[in-house]
There are 2 protein chains.
Amino acid sequence: MKTSLVAVDFHGQGCSECAVRGFSVCASLDQFEMREFEQLSRRSHFASCETVFSQEDITSCFYNLLDGVMRLYKLLPDGRRQIVGFVLPGDFVGMTTEERHGFSADAIGPVTVCQFAKLPFGRFAHDKPNLLRRMNELAVQELNQARDHMVLLGRRSAEEKVATFLVSWRDRLVDLRGPSNIVPLPMSRQDIADYLGLTIETVSRTFTKLERDGIITILPGGVSLRDSARAEALAAA
Amino acid sequence: MKTSLVAVDFHGQGCSECAVRGFSVCASLDQFEMREFEQLSRRSHFASCETVFSQEDITSCFYNLLDGVMRLYKLLPDGRRQIVGFVLPGDFVGMTTEERHGFSADAIGPVTVCQFAKLPFGRFAHDKPNLLRRMNELAVQELNQARDHMVLLGRRSAEEKVATFLVSWRDRLVDLRGPSNIVPLPMSRQDIADYLGLTIETVSRTFTKLERDGIITILPGGVSLRDSARAEALAAA
DNA sequence: AGTTCCGATTGATTCAAATCAAATGACGGG
DNA sequence: CCCGTCATTTGATTTGAATCAATCGGAACT
């Protein structure tokens, strides 16, 4: 069995032992609420590249990622793809009041999710201000990320895009797994290209250039951020 | 006095007569909550091009736009600008748990806002599930818009960008003021360029091309969507 | 009416990234 | 170990949009 590059250990099936308990939506729930909430949730697994939900699907579930990485993306009718985000453990996905998801999600490597049917979840959350506030907080965070990404897509060069991606992906992994300048990249070059609004060739060339400039070292399955100050400078300016 | 192209009539100062009462955040409040809420709010006016708040400002207020149009944008240190959204009456702006706004807002033409100090607003909302759910709904809507905009910025041609912008701007105005194919554009060409990730020259050329192709007619202060089916086709594909 | 000012348009040229086209490299199966 | 497959890298060329550079046009002044 291939182990995930971005694994989080979890031992039981119960929420109290859940790896993600402390920092996901559920962090807002007290002991009693938690017990009820546990009844609504179901663990499921998806294999590498399996689709968790599709943009035209009726929204029937919300998902809390427990382990692995997912990509969220939108497809245009002619096949052009824009990845709107990568999902890491603890991230809450699919929250919407719309009838349809509007974007697709699939697994990058094997994935474990905690799944909630929309209606029972809605009933549960309906009169729980603590949970609603937490959901708000998460939505606002995502919105801020989305706006940052708009700046990147609209106004930055290929080199800035790639450097920004590497730095912010590393920062997310650091939050999750502690500091390291080794940056695992479980997603393909094509995924990175579709996330940054570039082609795969440009991404590849830009990696090579960053390596030539001594900013990164390309490793199998990732990179090492060799000169992270310089990478951060590219990401900021 | 110059009248706003996107005016909404409102007659009194009280929330009950507010033009925006029915579809903004406040739509979720009952009569009694409304009365309390009213105490927290303060009307203010901003002149054309005045800044309502700046990206590095400490978040002290949230804003509900009552009349006029605003632009929300982020600036890079070197001056590059990405407009992350245009704000129309009824839109709720600035909701964040972060210490700083992270983006700037300024008036395009004269603007009236309903303003709430962050802390009292937070206390008021704290245990009001109806309001919290409404805020969630609005945040999720914005997030969906943001993701659509990522697709546009990352994967669409200049012509598609401009057509998409015109169609979706028209749709927002239709929701607000009823059907019409006359599309007022209170923002400058530079604003449109910074929204679409293009230069002003490319926007101008693309307008001209769309007019040559019989899709729009350029009017002072806006355009007429002459062949809205063709514009929508460009926007979709 | 003439002048100034500023936003918008148009034209000429350049350039960054896309496209087209191989070559290379990593991995899994026979 | 060799072969086929597929992802990635590298190279050559094209191209869409950016940049540089005038002009145009409308509104607000005298």
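Source: prediction; values computed, not measured. Labels below follow one simple rule: chain letters A, B, ... track the order of the sequence lines, proteins then strands, and each chain is numbered from 1.
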Touch class at under 4.0 angstrom, heavy-atom based, for B:Ser188 against every strand present: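 Sugar-phosphate contact only - B:Ser188 comes under 4.0 Å of backbone atoms but never of a base.
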Can you identify which nucleotide, out of [options], has its nearest atom closest to the [X] side chain?
| X | options | result |
| --- | --- | --- |
| B:Ile200 | C:dA18, C:dA21, C:dT9 | C:dT9 |
| B:Thr202 | D:dA17, C:dA18, C:dA8 | D:dA17 |
| A:Leu198 | C:dA21, C:dA17, C:dG11 | C:dA17 |
| B:Glu201 | C:dA18, D:dA17, D:dT19 | D:dT19 |
| B:Ile218 | D:dA17, C:dT9, D:dG11 | C:dT9 |
| A:Ala158 | C:dA17, D:dT8, D:dA17 | C:dA17 |
| B:Thr208 | D:dT8, C:dT10, D:dA18 | C:dT10 |
| A:Arg205 | D:dT10, D:dT8, C:dA17 | D:dT10 |

Validation row, ring centre B:Tyr195 to ring centre B:Tyr73 under 6.0 Å: no
Donor-acceptor pair under 3.5 Å, B:Gln190 side chain vs C:dC6 base: no
Spacing of B:Thr112 atom OG1 and B:Leu65 atom CG [to the nearest 0.5 Å]: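 With rounding to 0.5 Å, OG1 (B:Thr112) is 8.0 Å from CG (B:Leu65).
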